[in-house]
Amino acid sequence: MAAPPAVTVTIPNPSTSKRTEATPPSNADKKQEKADEVARELAIPEGTKPLSVETGNASWYGAPYHNRRSSNGEVYDMHQLTAAHRTLPLGSTVRVTNLKTGHFTVVRITDRGPFVEGRIVDLSLAAAKQADIWQAGVAKVRLEVLRTPVPFDQGGRWAVQIGAFPDEGDARTLANRLSRRYKTAKVLSFGSPVGDWWVRVRVLQDDRKRAEEVARDTKTVEGKVFLVRLD
C-alpha cells in the first residue's frame, strides 16, 4: 500500500501578517481626500447659468480667524477655497471674478461677513490668491451664484448684526437698549478675534421681515447695521 502524499503546512509569520495589514491613512492622504471632496462639491457643469449676479468689493480674511469655527460649524482653513457672505445660504457655490485682472475663483460659502460697508464677499487666503486679490487686499468683483442648497430668495433664518465697536461698554449699552425695545428678541454682545465688539439681535422666530424692520429702525453713531442670514 502506497504511503499517503506528504502535506506541507505553512505557519504564518506574525511579523509578515502585520506588514500586510491595511496601513492607516497618513495626514497627507487625509488632506488629499478632503481636497478631492471639496473639488467634487465645487464642480459645476459646463454652461451653468448664474442664479444671480452681484457686483461690489471683495476682501479676504486669514489669521487670526484661521482654525476658528465658521458659521456653518466647520473649522475655518484659510488654505481652502471658501468665502463669507452675509445673506447667501451656507453651502452655496459662487464664482468670484476680479473685474480688473479677469482672474476668478469658485468657492463655497461657509461663513458670515464681511461686516464692512461696501464689501460683498470675504474670501479665504487661497481664494484671494486665485482671484488676484491677495496683495491688493480689496478689489472690485463680479459674484455669480452658481448653486445653492436651498432657495436663496425666500425662507431662511435671519438676524441683525451691529458693529464694530472698539469699546465693549458701548456694545453692551446698545445691547441693553435694544433688549428693552425689542422684548421678544434675543440680544447678544460678543467680541471678535481681532478685538472689536459686536451686537447681534435674534428676532422672534428669526423672521426675515422682523429682522429687516429692526435693521431699518436701528441707529447707532459708531457701528454699522447689517442684515445677516443665519443658515
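None of these values were measured; they are calculated from a predicted model. Side chains are part of it too, since the values below use all heavy atoms of this structure and drop only hydrogens, waters and symmetry mates.
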Legend entry - Partner set under ring-ring contact (aromatic ring centres under 6.0 Å, His included) for Phe152, not counting sequence neighbours: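 Not a single residue meets the ring-ring contact (aromatic ring centres under 6.0 Å, His included) criterion with Phe152.
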Inset, instruction - Could I get the full list of ring-ring contact (aromatic ring centres under 6.0 Å, His included) partners for Phe104, not counting sequence neighbours? - result: none
Could you check if a side-chain atom of [X] sits within less than 4.5 angstrom of a side-chain atom of [Y], using non-hydrogen atoms only?
| X | Y | result |
| --- | --- | --- |
| Asp167 | Trp197 | no |
| Arg112 | Leu90 | yes |
| His85 | Thr87 | yes |
| Leu143 | Arg95 | no |
| Val94 | Val106 | no |
| Ile109 | Pro89 | no |
| Gln161 | Val199 | no |
| Ser124 | Tyr76 | yes |

Inset, instruction - Quick one: do Leu81 and Thr105 satisfy side-chain contact (heavy atoms from CB on, under 4.5 Å)? Show the steps, please. - result: CA-CA 8 Å; Leu81 296 176; Thr105 184; 3.9 Å; yes
Legend entry - Val141, Val138, Leu123 screened by side-chain contact (heavy atoms from CB on, under 4.5 Å) with Ser59, the one that passes: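 Only one of Val141, Val138, Leu123 forms a side-chain contact (heavy atoms from CB on, under 4.5 Å) with Ser59, namely Val138.
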Inset, instruction - Step by step, work out the side-chain contact (heavy atoms from CB on, under 4.5 Å) result for Tyr65 and Met78. - result: CA-CA 8 Å; Tyr65 294 92; Met78 64 184 182; over 6 Å; no
Inset, instruction - Please check if any side-chain donor atom of Gln205 sits under 3.5 Å from a side-chain acceptor atom of Asp207, or the reverse. - result: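 No pair is found: no donor N or O on one side chain lies under 3.5 Å from an acceptor on the other.
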Inset, instruction - Determine whether the side chains of Asp111 and Tyr61 contain a donor N or O and an acceptor N or O closer than 3.5 Å. - result: yes
Inset, instruction - Assess whether side-chain contact (heavy atoms from CB on, under 4.5 Å) is satisfied between Tyr182 and Val160, documenting all intermediate values. - result: CA-CA 12 Å; Tyr182 302 106; Val160 176; over 6 Å; no
Inset, instruction - Mind running side-chain contact (heavy atoms from CB on, under 4.5 Å) on Trp198 and Ile162 for me, showing each step along the way? - result: CA-CA 6 Å; Trp198 294 87; Ile162 309 163; 5.8 Å; no
With a 4.0 Å cut-off on N to O distance, would you call [X] and [Y] a salt bridge?
| X | Y | answer |
| --- | --- | --- |
| Arg208 | Glu212 | yes |
| Lys49 | Glu144 | no |
| Glu168 | Arg172 | yes |

Inset, instruction - Indicate if Val107 and Leu51 have the same hydrophobic cluster label, given that clusters are the connected sets of ILVMFWY residues with side-chain heavy-atom separations under 4.5 angstrom. - result: yes
Legend entry - For Glu74, the option from Arg108, Arg68, Arg69 that meets salt bridge (charged side-chain N to carboxylate O under 4.0 Å, His left out): Arg108
Inset, instruction - Measure up the Phe115 and Phe226 rings against each other and bin them: parallel (under 30°), tilted (30 to 60°), perpendicular (over 60°). - result: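 Rings of Phe115 and Phe226: perpendicular, over 60°.
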